[in-house]
Structure formats: structure tokens, C-alpha cells
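Heads up: the structure comes next, in C-alpha cells.
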Protein chains: 2
Amino acid sequence: MATIYDVARRAEVSPATVSRVVNGHANVDPALAERVRTAMRELNYRPNAVARNLRRSRTTLWAVIIADIGNPFFTALVRGVEDVAQGAGYSVVLCNSDDDAGKEGQYVDAALAEQMAGVIISPSGDAANVNRLIEARVPVVVIDRQADDVRADTVLVDNEHAAELATTHLIESGYQRIACITGPHSVFTADQRLLGYRRALESHGRPFDPELVRYADFREQGGYRAMAALLTLRPRPDAVFAGNNLTTVGAMECLVDSGVQVPGEMGMVGFDDVPWAHLVRPSLTTVAQPTYELGRTAADLLSQRIANPDRAPSTITLNTKLQIRDSSVRGVDLRHGG
Amino acid sequence: MATIYDVARRAEVSPATVSRVVNGHANVDPALAERVRTAMRELNYRPNAVARNLRRSRTTLWAVIIADIGNPFFTALVRGVEDVAQGAGYSVVLCNSDDDAGKEGQYVDAALAEQMAGVIISPSGDAANVNRLIEARVPVVVIDRQADDVRADTVLVDNEHAAELATTHLIESGYQRIACITGPHSVFTADQRLLGYRRALESHGRPFDPELVRYADFREQGGYRAMAALLTLRPRPDAVFAGNNLTTVGAMECLVDSGVQVPGEMGMVGFDDVPWAHLVRPSLTTVAQPTYELGRTAADLLSQRIANPDRAPSTITLNTKLQIRDSSVRGVDLRHGG
DNA sequence: CTGAAAGCGCTAACAC
DNA sequence: GTGTTAGCGCTTTCAG
């Protein structure tokens with residue numbers, strides 16, 4: 001590869017002048033600049049970002065570390081991040097932690113080693129990885145999940161409140177024995193949503209029955225298995241609040257396979273929209289999250305922190321919206337077609 | 001941040017020795033090595049990958065440039081890449097081109113500038129971006145789509161053959177007027193699948209009617225609109241072969257909204273599996289692609305090319321499988337539940 | 001087995 | 001307005 005010295009020699013200027021042209025610094029004689037540009041073209045010169053980054057001690061890459069690349073919630077969020085990043089002159093590299101603290105740690109290592117300009121992360125259980133970033137003074141924004149003992153900018157949704165509304169909606173629709181499929185114990189969103197579920201029950205004078213709570217991984221299969229287990233209970237629950245989009249899908253599949261009618265025999269509310277919801281019958285009542293906005297907000301926060309590393313961290317909570325459709329309203333029955 | 005010099009000073013050795021310890025080179029006195037490790041821990045030393053990359057003129061990052069991060073086909077593929085990369089000591093950074101040659105070009109620039117160790121790319125129409133990588137001698141594997149005038153390792157599926165089988169299946173199921181929703185003109189997979197569709201018609205003595213072919217973007221909305229347009233034709237088509245997973249979903253939504261019964265009034269075969277297919281009624285007949293294997297294969301090829309940059313490029317074609325379900329078989333009617 | 005020293009490609013003082 | 005030069009942090013000959 002041609003270097004800046006090759007270009008300088010060919011254009012008969014100094015490397016400094018080439019650098020100025022490359023970086024668009026003012027005060028370069030137009031004639032010289034033109035000579036430099038010609039030389040660059042002739043040599044097919046491409047600046048070496050590695051060298052530049054070393055010299056400047058900074059880069060223009062953001063790492064976005066997400067828990068599940070297969071979950072549309074996270075990919076939608078990434079789009080929001082990307083759009084802001086692009087506008088601010090950063091490139092986004094996406095890292096999939098699979099909710100595994102070890103894999104996450106590796107990506108944090110990489111972000112640190114590569115001197116990434118900033119990191120947006122939805123942390124797996126353990127706060128240690130996030131804290132390593134903070135200690136290294138890497139600008140970081142935590143998204144979707146709050147980590148205890150972490151002082152960082154954070155973007156969340158009103159999980160507990162939304163879960164309470166969703167559960168209340170099931171209660172008000174006349175369901176009696178409402179179960180909850182939540183996520184893994186250590187995951188923030190799972191805990192919060194369970195809390196909301198519980199609060200709704202209690203404020204309506206309903207007993208909280210631990211047997212009706214299932215902890216699934218936040219994947220389809222987890223939802224399926226949890227639902228299957230719930231179906232063995234006697235008396236059987238007659239409604240379910242599912243803690244994320246994929247568990248909702250899994251639970252629905254289980255109900256289809258078991259021939260349980262929704263919403264007649266089983267009411268259903270999910271958290272976060274399910275993709276291709278239009279094709280699912282009955283249409284699903286869900287707590288809709290502003291996924292794209294979540295990404296945008298996190299990216300804005302990251303920009304601001306990079307510009308001003310010393311300001312106090314803030315937490316932004318965005319609002320969700322309960323989308324009432326067919327799966328949670330008795331009297332509406334199964335059907336397909338227009 | 002602590003540098004290798006700080007560690008050297010503290011451990012009372014030379015920077016070279018620290019470097020040897022960090023990189024696990026043999027032949028370092030165990031006592032010295034221990035002193036170095038202690039010093040690293042005390043100073044919370046983290047190697048600076050930027051400096052290392054500059055010195056070594058190589059990195060341990062792979063870029064995977066995909067056309068649509070919202071399409072499960074691509075995210076599944078990425079998982080295959082990741083697993084191989086991890087085993088080979090590389091990290092994967094994901095870049096979403098949105099099938100836009102401009103955005104793609106930016107990511108190619110970034111990959112070039114950052115001296116990425118290799119690139120896996122599903123190219124948008126234009127071959128120029130891929131050729132820039134090749135000219136710069138960056139190891140590159142083309143995936144999912146073939147680019148003309150590009151000599152690079154390539155991993156594909158048997159698009160044309162699969163499309164032919166899928167269309168033949170519709171013919172043999174008794175459908176008479178079979179339409180095709182394919183992708184944008186310039187996209188390789190769209191062209192190939194259209195070709196297969198056409199071949200099936202011709203080898204069964206059916207006329208090829210251009211009016212029955214619709215070019216949609218490979219998104220849900222494209223499929224919806226194309227289907228809507230097809231429904232206005234008189235006589236109306238009675239079956240559709242849809243060229244990718246999202247167009248299939250879109251087309252199905254349109255049929256649901258229009259009250260057209262599948263498979264009775266309209267037969268349907270899609271290309272690539274639709275996620276949450278179990279929830280979709282009727283269950284969809286699709287051409288299943290080995291997505292994960294596609295990613296693995298591309299990653300293996302990239303490994304090999306990095307190890308041996310001068311070997312001749314090869315093209316690997318993986319086989320798909322026609323999964324016959326309910327949407328393409330008359331006599332099976334709409335239903336829901338187990 | 002260890003250390004000294006050069007240099008990867010670029011940028012930014014600083015000098016002219 | 002332009003050139004000279006030091007040095008970002010690391011690895012890797014080469015000497016010893």
C-alpha cells in the first residue's frame with residue numbers, strides 16, 4: 001500500500017502537506033492541493049486508519065454489544081444507533097454477546113484494545129464488564145437493562161409500570177389465574193417485569209402464586225417450555241403475561257400445538273412487539289417498545305458523553321404503549337382471513 | 001492508560017520482555033515472567049491493539065457486510081461466521097449496508113482503512129466495492145450473491161434449481177396461473193430465482209407471462225405491494241412463488257387482508273424459511289436454505305484464503321431443500337390450532 | 001534468555 | 001503557507 005510519504009514524494013511536497021489535504025485542513029495552496037490529489041489518485045492511496053488512530057489516540061468506531069442478534073428488538077435498536085452514528089461521523093460495529101458474560105467480556109476486551117470511541121451495551125447479568133469500560137474511561141451507554149453498581153448513562157423503558165398495566169389489563173378482561181413467563185433471574189428487564197406483574201396482582205387483591213411464575217431464557221424455546229409446564233398445573237392458568245417477544249412466540253407455539261384456544265381458554269399478553277404480528281392469529285396484545293428511539297437516544301447520549309466526558313450520568317426512561325389486540329380479550333374468537 | 005514501558009519499568013525488565021510475556025512467546029525466564037505479570041496486574045495494563053496492529057500491519061478483525069440486518073436470513077448466517085471466527089482467533093464486526101451501494105462503499109472504506117484481516121460480503125448490485133477490496137489484496141469471501149467480473153471465493157445456494165423445483169411443485173399441485181414475486185433487478189439471487197421459475201414453466205409447456213412477474217424490494221412491504229398488484233389482474237393468478245422470506249411474509253399479509261384463502265384460492269411457496277413459521281397459518285411451503293452452514297462455509301473459506309492468499313478462488317454451492325407444508329397443497333384448508 | 005533500537009504510517013507542534 | 005521532526009505503543013530483528 002502506498003503511504004503518505006509515497007504521495008508526498010510524487011507530488012513533491014512534504015508529508016505534512018499531504019496530511020493537511022487528506023484531512024481537509026485549510027490554508028493549503030490550491031495548486032499544491034491539486035498536485036497532491038493527483039498523486040493520491042495515481043497511487044491509489046488510502047489513508048491507514050490504524051496509524052492515524054495510534055497517532056491521535058482515538059478512533060471513529062462505536063461498539064454496540066447486544067444480547068441476541070436473533071431478536072428483532074435488538075436489531076431494530078441498532079438501526080437507531082446507526083442513523084445517529086452516521087450523522088456524527090462514527091461507524092458502528094455490532095457484537096453479539098448471546099447473553100453470555102464470557103463472550104461479552106471478550107467483546108469488551110476488544111473494544112478496549114481497539115480504543116473504540118464509545119460503547120453501547122445491553123449488559124448480561126454481571127456488572128463487571130461494564131465497569132471495566134468505565135474504569136478505562138471509555139464513554140459507555142447502558143441500554144435496555146440497568147446494571148446495579150454502575151454509574152453510566154442509561155436508556156430504559158418503564159418495564160415495571162408496563163408490566164403492571166399489561167397484567168391489569170388481563171385482570172380486567174376477566175381472567176382469573178394469570179401466569180407470568182419472565183426471563184432469567186439475573187436479567188434486569190426480567191426482574192422488573194415480574195415486579196410489575198406482581199404489583200398488579202396485589203393491588204387487585206389477587207394472591208401471588210410462585211408456581212405461576214416461570215423463568216425462561218429469553219428465547220422462543222424457553223417460552224415454549226415454560227408454557228408447556230404451566231399447562232400441566234391444576235387448576236390450569238387461564239392467562240399468561242410473557243416477558244419478551246420471543247418467549248411470547250414460543251408460548252403461542254406451545255398453545256397451538258396443545259390445541260388451547262386463545263383468547264378463549266387462555267389470554268395472552270406479550271412484552272415487545274412480535275415481528276410479522278399481522279400473520280399471527282389471533283393478533284397479539286403486546287407492550288410495544290420504542291425500539292428505534294431507544295437506539296437513537298442511546299446514541300445521542302453517547303455523542304454527548306464523548307463531547308463532555310465529565311458530566312454526571314443520566315438515565316432516560318422511555319414510555320411503552322399497551323397495544324390491545326385480540327389475544328387478551330374474551331369474546332373475540334379464533335379466526336383467520338380478512 | 002499504562003503502556004508496555006510502564007510495565008517494563010515496574011517489573012525492571014525491558015519492554016521487549018514484557019511484549020514476549022504478553023504474547024506468550026516461549027523462552028522467558030519464569031521468574032521474570034511472573035514479575036511482569038504482577039506489574040501488569042498492578043497497573044491494570046491492557047495492550048493497545050491499535051499500536052500492535054500498526055506494528056504488525058495486520059489485525060484480528062473480520063468485517064461481515066450484509067444487506068439487511070432486519071432479515072433473519074442474514075443474522076442466522078452471521079452466527080455461523082461468528083462461531084468459526086471465534087475458533088480462529090478473530091472478532092467479527094457486523095456492518096449493515098441496507099443494500100445501498102453508497103453505505104456499502106463506506107463500510108468497505110472502513111474495512112480498508114482499518115486494515116481488517118478479512119471481509120465477508122453479500123454485495124449490493126455493484127461489483128465495484130468488492131473489486132476495491134480485491135485490488136487492495138484484502139482477503140474477501142462473497143456470500144449469498146455472485147458478482148459478475150469478480151474473482152473471489154464465493155458461497156452460494158442452488159438458487160435457480162431450487163426455484164425450479166418450487167415452481168414445479170406448484171404446477172404439480174394443480175395450480176394454473178403461477179405468478180412470481182422476485183427481488184430487485186440487479187440482485188443476483190432475484191435474477192437466479194426468476195430464471196428457475198421461468199425454466200419450470202417452460203419445461204412444463206406453460207407460457208411465461210411477464211405480467212405475472214413482479215420485482216419487489218426484498219422487504220415485507222415490497223411483497224405486500226407486489227401481491228396487491230397481482231390481485232388486480234384478470235384472470236387472477238392462483239399461485240405465487242415468492243423470492244425471499246420477507247416478501248413471502250408481505251404477500252401473505254396482503255392475502256389475509258384481502259380475504260384470499262390460502263392454499264384454496266392461492267397457492268404459495270416462499271424462498272428461505274420464515275421465522276416463527278409455526279405461528280403462521282396455513283404453514284408455509286418454503287425453500288429452506290442452510291443459513292448457518294452458509295456462514296460457516298464462508299468463514300472457513302476466509303480462513304483458508306488468509307492462510308494462503310494466492311490459491312485460486314473457489315465457488316461453493318450449498319443445497320437447499322423444498323419443505324412442503326400446507327400453503328401449496330390444495331385440499332388442505334385453513335385452520336388454526338393443533 | 002534478555003535488551004537496545006528501529007520503525008509501522010500518520011499527525012501536530014514548531015520553525016521558517 | 002509549508003517543511004522538519006518527534007513520537008503515538010508496540011514488535012522484532014539483531015547483539016550480546
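Below, read A as the first sequence line, B as the second, and so on, with proteins coming before strands; counting in each chain starts at 1.
B/V7 has its side chain within reach of B/V36: a pair of non-hydrogen atoms, C-beta onward, lies under 4.5 Å apart. A 4.5 Å side-chain heavy-atom check between A/L94 and A/E82 finds every atom pair outside the cut-off.
Not one side-chain nitrogen or oxygen of B/S14 sits closer than 4.0 Å to the OP1 or OP2 atom of C/dA4.
A/D83 contributes no side-chain N or O that, together with a main-chain N or O of A/R296, makes up a donor-acceptor pair within less than 3.5 Å. With hydrogens and angles ignored, the 3.5 Å screen pairs no side-chain donor or acceptor of B/D153 with any backbone N or O of B/P313. For the pair B/N96 (side chain) and B/I69 (backbone), a donor-acceptor distance under 3.5 Å is present.
Map A/H25 and B/V28 each onto its nearest nucleotide of DNA chain C; the residue landing nearer the 5' end is B/V28.
Contacts of B/V22 with the nucleic acid, taken as non-hydrogen atoms under 4.0 Å apart, are absent. Nucleic acid contact class of A/N23 (heavy atoms, under 4.0 Å, all strands): sugar-phosphate only.
Salt-bridge formation is detected for the pair A/D99/A/R145: a Lys NZ or Arg NE/NH1/NH2 atom is positioned less than 4.0 Å from an Asp or Glu carboxylate oxygen.
Note that the first and last nucleotides of DNA chain D, 5' to 3', having any atom under 4.0 angstrom from a heavy atom of chain A are D/dG1 to D/dG9.
Sorted by first and then second residue, the salt bridge (charged side-chain N to carboxylate O under 4.0 Å, His left out) pairs with a member in residues 7-21 of chain B read B/D6-B/R9, B/R10-B/E42; sequence neighbours excluded.
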Contact list (N/O, under 3.5 angstrom) for nucleotides 6-9 of chain C vs protein:
residue, atom, partner, partner atom, Å
C/dG7, N2, B/R55, NH1, 3.2
C/dC8, O2, B/R55, N, 3.3
C/dG9, N2, A/A51, O, 3.3

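Counting heavy atoms of neighbouring residues, nucleotides and ligands inside a 6.0 Å radius, atom CZ of A/R137 does not exceed 12 of them.
As rounded to whole Å, 13 Å separates atom C1' of C/dC10 from atom CZ of A/R58.
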